[in-house]
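Read the structure below first, then the notes.
Just so it is clear: chains get the letters A, B, ... in the order the sequence lines come, proteins before strands, and each one is counted from 1.
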Amino acid sequence: MPEKPTLDGLEDRWARVWEDEGTYAFDRSATREQVFSVDTPPPTVSGSLHVGHVFSYTHTDIVARFQRMRGKKVFYPMGWDDNGLPTERRVQNFYGVRCEPSLPYDPDFTPPEKPGKQQIPVSRKNFVELCETLTAEDEKAFEALWRRNGLSVDWSHGYQTIDARARAISQRAFLHNVERGQAYVSMAPTLWDVTFRTAVAQAELEDREHTGAWHRIAYHRGEPGDGGPNGASDDVFIETTRPELIPACVALIAHPDDERYQPLFGTTVRSPLFDVEVPVLAHPAAEMERGAGIAMCCTFGDLTDVAWWRELDLPNRTIINRDGRLLRDTPDWITSEAGRQRWEELAGATVHTAKERIVAMLQETGELVGDVRPVTRPVKFYEKGDKPLEIVSSRQWYIRNGGREAAGDHAGVRDEMLARGRELAWHPEYMRHRYEDWVRGLNGDWLVSRQRFFGVPVPVWYPLDGDGEVIPDKPLTPDDAALPVDPTTDVPPGYTAEQRDVPGGFTGDPDVLDTWATSSLTPQIAGLWSVDDDLFARVFPMDLRPQGHDIIRTWLFSTVLRSHLEHDSLPWAHAALSGWILDPDRKKMSKSKGNVVTPMGLLEEFGSDAVRYWAAGGRPGVDTAFDRGQMKVGRRLAMKLLNASKFILGVGVGDTQRSGAGPVDGDTQRSGAGPVDGDTQRSGAGPVDAGGEPDLSAVSAPLDRALLARLTEVVEKATAALDDYDYAVALEVTEQFFWFFCDDYLELVKSRAYGEFDEAGRDSARATLAAALRVLQRLFAPVLPFVAEEVWSWWQEGSVHLASWPDIHELATSAEADPQVLTVASDVIGGIRRAKSEQKLSIRTEVESLSVQAAPAALEALREALADVRAAGRVRDVELVVSSDGELVTTVGGPTA
RNA sequence: GGGCGCGUAGCUCAGCGGAAGAGCAACGGCCUUACAAGCCGUCGGUCGCAGGUUCGAAUCCUGCCGCGCCCA
């Protein structure tokens with residue numbers, strides 16, 4: 001025990017010891033019942049860490065540490081999500097390169113010291129190598145931070161979502177889905193981001209307010225003309241915000257009940273400018289009050305168009321390319337001479353330019369009627385993009401998730417997913433609604449293919465027919481042993497490399513899987529499904545998935561789905577949803593302001609325990625303000641634990657404990673882990689209490705018994721809270737007790753513990769202090785692992801993190817406790833302090849006379865602790881008066897300075 | 001527009017049917033043989049608003065208002 005205890009340096013010292021001793025190593029001989037397994041969120045390795053990471057990962061660590069102390073073998077791996085668009089973009093910016101798949105691999109390529117203004121094109125393989133180089137650097141920094149933060153992760157169970165093992169598992173699970181018909185390829189209208197040039201899934205959408213304008217436009221009845229107006233009285237007016245889609249129009253649609261348009265149903269009209277004949281149709285999705293009440297259905301302006309196109313069996317007249325520009329060639333459905341000439345002016349234009357030109361043409365022909373009226377309306381965006389999504393037709397892979405089942409379809413995947421949601425234990429419980437809303441609101445299957453370069457390749461090839469055309473519905477799949485594969489370089493079974501991309505040969509699927517298609521398998525990847533099935537059986541289904549509430553619709557949902565499809569089970573029993581971190585002024589931290597706080601800086605300034613303390617104060621699921629004040633409080637608490645431990649041990653409690661304790665092996669029995677000897681204990685096999693339990697037979701003072709009784713309640717509450725994943729309540733009750741213990745109980749028993757009274761009283765106090773300290777150090781261990789380990793090491797053998805969680809039986813005394821002894825003594829000492837403070841006297845000042853009025857029972861209780869109260873308050877004479885109203889009143893008389 | 005959550009002391013938040021709480025801040029003290037980066041004490045609130053249920057409502061119900069998130 002150091003002379004002057006300090007928090008400085010504890011992190012480095014104990015982190016090294018834990019690493020050397022393998023304190024958190026997973027014991028893979030444990031059976032599933034003995035294991036507590038965590039599906040740790042793999043952080044996205046595409047930049048720097050955020051205080052939010054520290055916040056939520058600390059919550060999980062507290063739970064893991066608690067379960068470990070309860071005797072569970074904790075499977076707590078760490079993964080890195082280095083697969084996907086964020087990494088791809090970061091590599092582009094960091095090295096100043098871009099992926100150009102047509103280039104050959106350059107084994108000698110080295111990126112420039114500083115990225116230039118022009119991005120250097122590199123081959124796909126070079127690009128992927130740079131991704132791996134950069135993420136490896138980031139991952140080192142992440143691991144250093146997590147160790148400093150005190151996460152009790154077993155670092156030997158790491159993974160990367162882009163590593164070969166994860167790729168193989170991801171591809172294997174996908175191929176299983178294909179075999180079972182749960183995954184399929186389909187040519188369909190797809191939401192498309194023109195900037196990233198990739199398809200986008202429903203889960204990645206967000207609505208944003210976008211400014212547009214209503215254009216009132218004339219469609220014509222009667223005979224075909226030259227594209228200009230004829231017989232204006234016969235015109236049908238529609239209102240649209242997207243006049244550039246007139247060439248893609250396939251029908252006009254109104255509500256079947258709309259009397260204005262009923263006469264037109266079944267007839268045709270001709271489009272302005274292009275003179276293309278389209279039918280007028282009825283569909284209930286047309287909104288009578290919106291615009292003119294009749295809508296232009298184009299392929300494809302929005303998802304309603306897709307629904308109409310599908311349900312009314314309309315032709316596909318797509319005019320927008322995947323680059324966001326209009327087709328170069330004139331579409332064959334535009335036949336009029338004027339129409340074809342007008343297309344010439346539009347060919348290859350961006351959507352934006354095309355709109356301007358078409359509006360100008362409409363003004364010229366007089367087919368644009370009235371004023372253009374600005375409007376702001378929600379438009380779908382890719383969450384990472386900044387241009388509105390287009391809808392293009394493309395061939396994509398989908399996994400069935402129930403989203404295509406009609407609302408009334410029962411016993412389908414949708415219902416099964418809803419049942420899984422009810423089966424899962426949610427913390428907090430109300431987060432379940434987010435999941436249910438999402439499942440109910442699904443409107444299509446999960447689109448899993450992405451037109452990107454860096455990711456897990458879609459592991460299939462397609463045969464080519466005699467003309468070199470792809471035969472999409474007969475994909476070629478690899479042998480399981482060959483996984484992972486890259487179809488752009490590997491060859492399918494039964495083919496040779498020379499047959500690539502030649503008629504009668506094959507072609508590789510160029511796409512990669514959505515990152516969620518891999519992330520949705522983190523329990524399988526971490527648990528080594530299909531790689532080490534013995535391990536997998538010991539950890540799966542897992543116990544806990546901790547994650548943010550913002551990704552319930554993506555990560556949580558997709559993980560439940562994949563597990564349901566592959567294993568017919570939930571992936572875990574519990575889901576714990578953590579809240580967000582907010583700036584002190586409840587706003588987002590802004591990098592431009594430079595007020596972003598780096599986690600490592602905080603850990604260094606306040607100490608890791610203090611930062612963890614702040615994190616532990618955030619209730620499960622509740623958004624929490626970033627609060628340096630709470631970190632200061634946490635640091636003070638850690639200091640207090642140091643000082644209180646030093647004081648108690650300095651009084652001599654260790655002697656009492658060792659002399660009286662005798663051999664105790666209750667804890668190792670409780671852990672139930674099988675044969676335990678010294679060596680396996682040291683290597684982390686189970687809870688160890690080498691110091692043994694204090695002997696409570698010496699506890700004779702009523703005040704001491706009351707203290708232990710109150711601590712028993714604390715243990716019960718903290719344990720129940722942690723069992724329910726509520727680390728915040730556990731900390732709160734522990735902390736509250738601890739301050740009371742220091743401020744009142746320690747002050748009360750100081751003199752007696754020093755041995756200023758009789759020997760029995762002294763031994764009683766020392767035994768109580770030892771028992772209480774031993775419990776408190778362990779109660780704090782999950783939240784404050786460094787300082788708890790430090791103070792534990794002063795007098796106990798082994799790691800506090802492998803000690804058994806406090807049990808109420810440790811605190812049982814032979815005689816019944818009267819809690820009032822403690823409360824009355826505490827109240828009276830408080831009264832004395834108040835009197836001294838009001839008279840601005842030193843706390844050491846002697847009190848000549850003390851008068852206590854109280855109910856008879858309270859006075860009786862006070863008598864039991866009177867010697868302690870008098871010593872603590874420096875009271876000479878005491879008078880106890882039975883009070884008529886039962887209220888406790890302390891009167892301090894004649895203190896002499 | 002729908003779902004969910006939240007409006008309690010200057011700030012951050014507990015409490016969620018039985019006398020309004022904690023910490024921080026503010027203010028006033030105390031060198032007290034564990035801790036002055038400490039300790040003691042004091043001040044501070046129509047529990048968002050309006051109804052209702054109840055012997056009793058911050059707590060349950062209804063409706064508003066405001067904030068946030070998720071989804072249309």
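Atom CZ in R844(A) sits about 19 Å away from atom P in C39(B), given to the nearest Å. Counting to the nearest Å, the P atom of C39(B) and the CE atom of M639(A) are 10 Å from each other. Between the C1' atom of C71(B) and the CD1 atom of I552(A) lies a distance of 12 Å, rounded to the nearest Å. Look at CD on E436(A): it is 13 Å from P on G5(B), rounded to the nearest Å. Atom-to-atom, CG of D550(A) to P of C4(B) comes out at 20 Å; the value is rounded to the nearest Å. Here C70(B) presents its P atom at 14 Å from CG of L205(A), a figure rounded to the nearest Å. In this entry the distance linking NZ of K646(A) with C1' of A34(B) reads 5 Å, nearest Å. Going from atom NZ of K632(A) over to atom P of C35(B) covers 21 Å, rounded to whole Å.
In this structure G10(B) sits in a base pair with C24(B), meeting the Watson-Crick or G-U test at under 3.5 Å. Judged by Watson-Crick or G-U wobble contacts below 3.5 Å, the nucleotide G17(B) has no partner. Applying the Watson-Crick and G-U wobble criteria (two distances, each under 3.5 Å), U62(B) pairs with A50(B). With both pairing distances under 3.5 Å, C30(B) is matched to G38(B) as a Watson-Crick or G-U wobble pair. The partner of G45(B), taking Watson-Crick or G-U wobble pairs whose two distances both stay under 3.5 Å, does not exist in any strand shown. Across all strands shown, C67(B) forms a Watson-Crick or G-U wobble pair, both distances under 3.5 Å, with G5(B).
As rounded to the nearest Å, G56(B) and C13(B) have P atoms that lie 34 Å from one another. For the C1' atoms, the distance linking G44(B) with G23(B) amounts to 14 Å, nearest Å. Distance check on atom P: G5(B) versus C11(B) gives 25 Å, rounded to whole Å. Across G18(B) and C31(B), the matching C1' atoms stand 46 Å from one another, rounded to whole Å. Taking atom P on both nucleotides, G17(B) is separated from A57(B) by 14 Å, rounded to a whole Å. Here the separation of G21(B) from G45(B), taken at their C1' atoms, is 11 Å to the nearest Å. C35(B) and C30(B) are spaced 15 Å apart, taking the C1' atom of each and rounding to whole Å. Across G29(B) and C47(B), the matching P atoms stand 34 Å from one another, rounded to whole Å.
Side-chain rings of H574(A) and H427(A) approach one another, their centers coming within less than 6.0 Å. For F606(A) and W614(A), the ring centers sit 6.0 Å or farther from each other. The distance between the ring centers of Y725(A) and H59(A) does not fall below 6.0 angstrom. F626(A) has its ring centre no less than 6.0 Å from the ring centre of F55(A).
Each of C69(B), G28(B), C31(B) was ranked by its minimum atom distance to the side chain of R434(A); first place goes to C69(B). Of the candidates U42(B), G23(B), G38(B), G38(B) carries the atom nearest the R636(A) side chain, counting heavy atoms from C-beta on. Closest approach to the R833(A) side chain among C69(B), C40(B), G23(B) is made by C40(B) (side chain taken as heavy atoms from C-beta onward). Taking every side-chain heavy atom of Y754(A) into account, A34(B) is the closest of C39(B), A34(B), G28(B). Taking only side-chain atoms of D743(A), from C-beta outward, the nucleotide of A34(B), C39(B), G23(B) with the closest atom is C39(B). Nearest nucleotide to the side chain of I843(A), out of G68(B), G23(B), C40(B): C40(B). The side chain of A644(A) lies closest to A34(B), out of A25(B), G5(B), A34(B). Considering only the side chain of E747(A), C35(B) comes nearest among C40(B), C35(B), A37(B). The side chain of H433(A) has C4(B) as its nearest neighbour among C4(B), C71(B), U33(B). Taking every side-chain heavy atom of S837(A) into account, G41(B) is the closest of C39(B), G41(B), G5(B).
Within 6.0 Å of CH2 on W309(A) lie more than 12 heavy atoms contributed by other residues, nucleotides or ligands.
Within the structure, every side-chain polar atom (N or O) of R635(A) is placed at least 4.0 Å from both OP1 and OP2 of A37(B). Phosphate proximity of U33(B) to K750(A): absent, as no side-chain N or O sits under 4.0 Å from OP1 or OP2.
A cation-pi geometry, defined here as NZ or CZ lying under 6.0 Å from the six-membered ring centre and within 45° of its normal, does not hold between R774(A) and W794(A).
Here the CD atom belonging to Q777(A) is positioned 9.0 Å from the CZ atom belonging to F738(A), to the nearest 0.5 angstrom.
Heavy-atom distances to RNA chain B give each of G830(A) and G441(A) a nearest nucleotide, and the one nearer the 5′ end belongs to G830(A). Nearest-nucleotide mapping onto RNA chain B: of V622(A) and H549(A), the residue sitting toward the 5' end is V622(A).
Across all non-hydrogen atoms, the minimal contact from R833(A) to I843(A) is CG-CD1, 3.8 Å.
L642(A) comes within 4.0 angstrom of no nucleic acid atom, judged by non-hydrogen atoms across all strands. Contact annotation for W614(A): no contact, since no heavy-atom pair falls under 4.0 Å across all strands.
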